Number of protein chains: 2
Amino acid sequence: METNIAEIARIARVSTATVSRVINSPEKVAQETRGKVEKIIKQLNYVPNQQARSLRSRRTRMIAIIVPHSADYLFSYPYFSILVKEVSLELSRFDYHLILTTDEPQEAVTERYRVFIDKKMVDGFVVLDLKNDDERVHFLRERGLPFVTVGRNDRDTDISFVDTDNDLGAYLAGKHLSEKSCKRILFINGLADQSVSVWRERGLVRASRDFGFDYEVFNGDFIEESGAAITRSNLGKFDAIFAASDLMAIGALKVLKEEGVSLPVIGFDDIPLSSEFSPSVTTVHQPIDEVGREAARILVRQISQGQVTKTILPVSLVIRESSEVSA
Amino acid sequence: METNIAEIARIARVSTATVSRVINSPEKVAQETRGKVEKIIKQLNYVPNQQARSLRSRRTRMIAIIVPHSADYLFSYPYFSILVKEVSLELSRFDYHLILTTDEPQEAVTERYRVFIDKKMVDGFVVLDLKNDDERVHFLRERGLPFVTVGRNDRDTDISFVDTDNDLGAYLAGKHLSEKSCKRILFINGLADQSVSVWRERGLVRASRDFGFDYEVFNGDFIEESGAAITRSNLGKFDAIFAASDLMAIGALKVLKEEGVSLPVIGFDDIPLSSEFSPSVTTVHQPIDEVGREAARILVRQISQGQVTKTILPVSLVIRESSEVSA
DNA sequence: TTGTAGGCGTTATCAA
DNA sequence: TTGATAACGCCTACAA
């Protein structure tokens, strides 16, 4: 016989309500009864059935991350794995758990969200890969479910998010390049519809005004190939490269090496590979592990206290070999 | 008011039992009633509450993957992300969902398994990173919960698993190197306690007998640094290198380049980076996406039919630049 | 083929 | 501070 709250109650000679209180709000139970019940719980290795709790309390303690198939590249991006790991670990410290899933290509972007909500499976969502105008945000708002976005945009200003200071990061990169006397920068940005790309371009615009350089933007998709392709088709036109991801910076560096060209290159993220690559990659460091943990904390707070939290984490320029060459 | 089975029943003028039957075993309901009920379900956008179903049916439709902190490296390993993605996607096609989590360093290896089981949160587990003598397998066996391992060992032969033909892969690598006239191979294997390492060494042993070469084994931990370190401390002693992961092979290739040494190098996995690296990496291709999907299918079968399935997927040698050099 | 009714294990309400 | 009892939403004997 599986032990349940009724058995504990029987043995402790109290009611099931009291056992439940010992578990959920021990402060409401007298010291003595409480000790007695706790002892029996321990003796029998009793653990509450989560499904029953969820049904009754309408809280599942589950959070979902739904990776859109259009962001498939995330799965070979080290940044993403680390983020997911930290989100999951921090959530578990609050007794929440993470469902990780992908959508299918033919589905609507919001379909999986709808299913999770309708089935009453989750208490909230972490939204990655935020767009400037993000359907998922509209949807979740409408449905009234708690969520936190990683990144922020201009439209949705009253929601919980965690972001890094992308604007400043790009500004620092531009400043550094201008200090290397660069005048025409090739800016390999991310996808244009992603909010992160907007912030980074803003930072570079500010820097170009403050320090007097020109730049031109091309949109890549964060992976190495796109950085390489954009670099290849622009050889000879620029005297420096700033890429919105380390992988694209590495793609650029490979092309430059192939072509025997030497230009300062700066990336973004500071993934592990960047310090090992040759040349090691100058980059804007983002505290990705902290982003993950903070996302978890913000969401838990949003769920339990209905509190909107906005966090912007600092970035820093890490100077390595790839920017230490003459233009 | 949230719509539930009772409301559907009321409107359709049938009992809740009939509505439940329409959902779970439509063949037991008369065409006419069935149509009527289905129509109303659709009209009201009714979706069954998963928590209630779970409580009643004792099936949560949740599967967990618990990554041990000792396998932290997995999170920066492209192989792993792709596996997780495919497992999750395939599971969702059977209406199962994936909980992804990590354990904490100070915990027992089986602690999180215990919690998930005791809370009645999951129907089964995918066990990664299988050891020769794996505590988690003992534990899950004892507790009687369905699970599938990715990899197989000699001890636990009556359990469901999906594996690739690691033995053959290593054999093919050895054969190829011997065809390049290599006589002394540096074998950079994975961690000694992992079952995958055992199979790969077996394959190389067979090849060394069949083709007459010598080899020496060193144990790395699958990441680039360990491949580089082992290569560096063995320079000059071998005329070829076989590494148990592409990342370690790449680490080896970097050291060789640095030192101006040219040796045939073969990796394992065939991660995306291997075809782009310079030199492109000769490697044993594993169908990682299929491994993930098959793991999901096997587990679902194990849960629903109690059926043990063992799958070994084929590998193939992909010959690229890194083995096309003279020793 | 359909309905009645009990129960899955817990939490919440209300009264004592 | 504690207990009795009614939900939570669904499934499934069992009976009709």
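This one's a predicted model, so the numbers in the text were calculated from it and none came from an experiment. A, B, ... follow the sequence lines: proteins, then strands. Residue 1 opens every chain.
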SB check [X] [Y] (cutoff 4.0 Å):
X: A:Asp118; Y: A:Lys120; answer: no
X: B:Arg141; Y: B:Asp156; answer: yes
X: B:Arg136; Y: B:Asp134; answer: yes
X: B:Glu290; Y: B:Arg297; answer: yes

In whole Å, I'd like the distance from the [atom1] atom of [X] to the [atom2] atom of [N].
X: B:Arg21; N: C:dG3; atom1: CZ; atom2: C1'; value: 7 Å
X: B:Glu27; N: C:dT1; atom1: CD; atom2: C1'; value: 13 Å
X: B:Lys120; N: C:dC8; atom1: NZ; atom2: P; value: 13 Å
X: A:Ile5; N: D:dA4; atom1: CD1; atom2: C1'; value: 14 Å
X: A:Arg53; N: C:dA12; atom1: CZ; atom2: C1'; value: 14 Å
X: B:Lys28; N: D:dA13; atom1: NZ; atom2: C1'; value: 11 Å
X: B:Arg13; N: C:dG3; atom1: CZ; atom2: C1'; value: 16 Å
X: A:Asn49; N: C:dG9; atom1: CG; atom2: C1'; value: 6 Å

Among [options], the one nearest [X] by side-chain distance:
X: A:Asn4; options: D:dC10, D:dT2, C:dT10; answer: C:dT10
X: A:Ser57; options: C:dT11, D:dG9, D:dT1; answer: C:dT11
X: B:Ala17; options: C:dG9, D:dA13, D:dC10; answer: D:dA13

Is the shortest side-chain N/O distance from [X] to OP1 or OP2 of [N] below 4.0 Å?
X: B:Ser20; N: D:dT12; value: no
X: A:Asn24; N: C:dT11; value: yes
X: B:Arg56; N: C:dG6; value: no

### Query
Taking the nucleotide of DNA chain C with the closest heavy atom to each, which residue, B:Gln31 or B:Arg58, is nearer the 5' end?
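It is B:Gln31 whose nearest nucleotide is closer to the 5' end.
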
### Summary
Note: for B:Ala52 and B:Ser15 on DNA chain C, the residue whose nearest nucleotide lies more 5' is B:Ser15

### Query
Base, sugar-phosphate alone, or nothing: which one does B:Val19 contact when heavy atoms must sit under 4.0 Å apart?
nothing

### Task
Report which part of the nucleic acid A:Ser54 touches: base, sugar-phosphate, or nothing (heavy-atom distance under 4.0 Å, all strands).
nothing

### Task
Take B:Thr18 and B:Leu55, find for each the nucleotide of DNA chain D with the closest heavy atom, and name the residue whose nucleotide sits nearer the 5' end.
B:Leu55

### Message
Using 0.5 Å steps for rounding, measure from the CG atom of B:Asp72 to the OH atom of B:Tyr77.
### Response
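Between atom CG of B:Asp72 and atom OH of B:Tyr77 there are 15.0 Å.
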
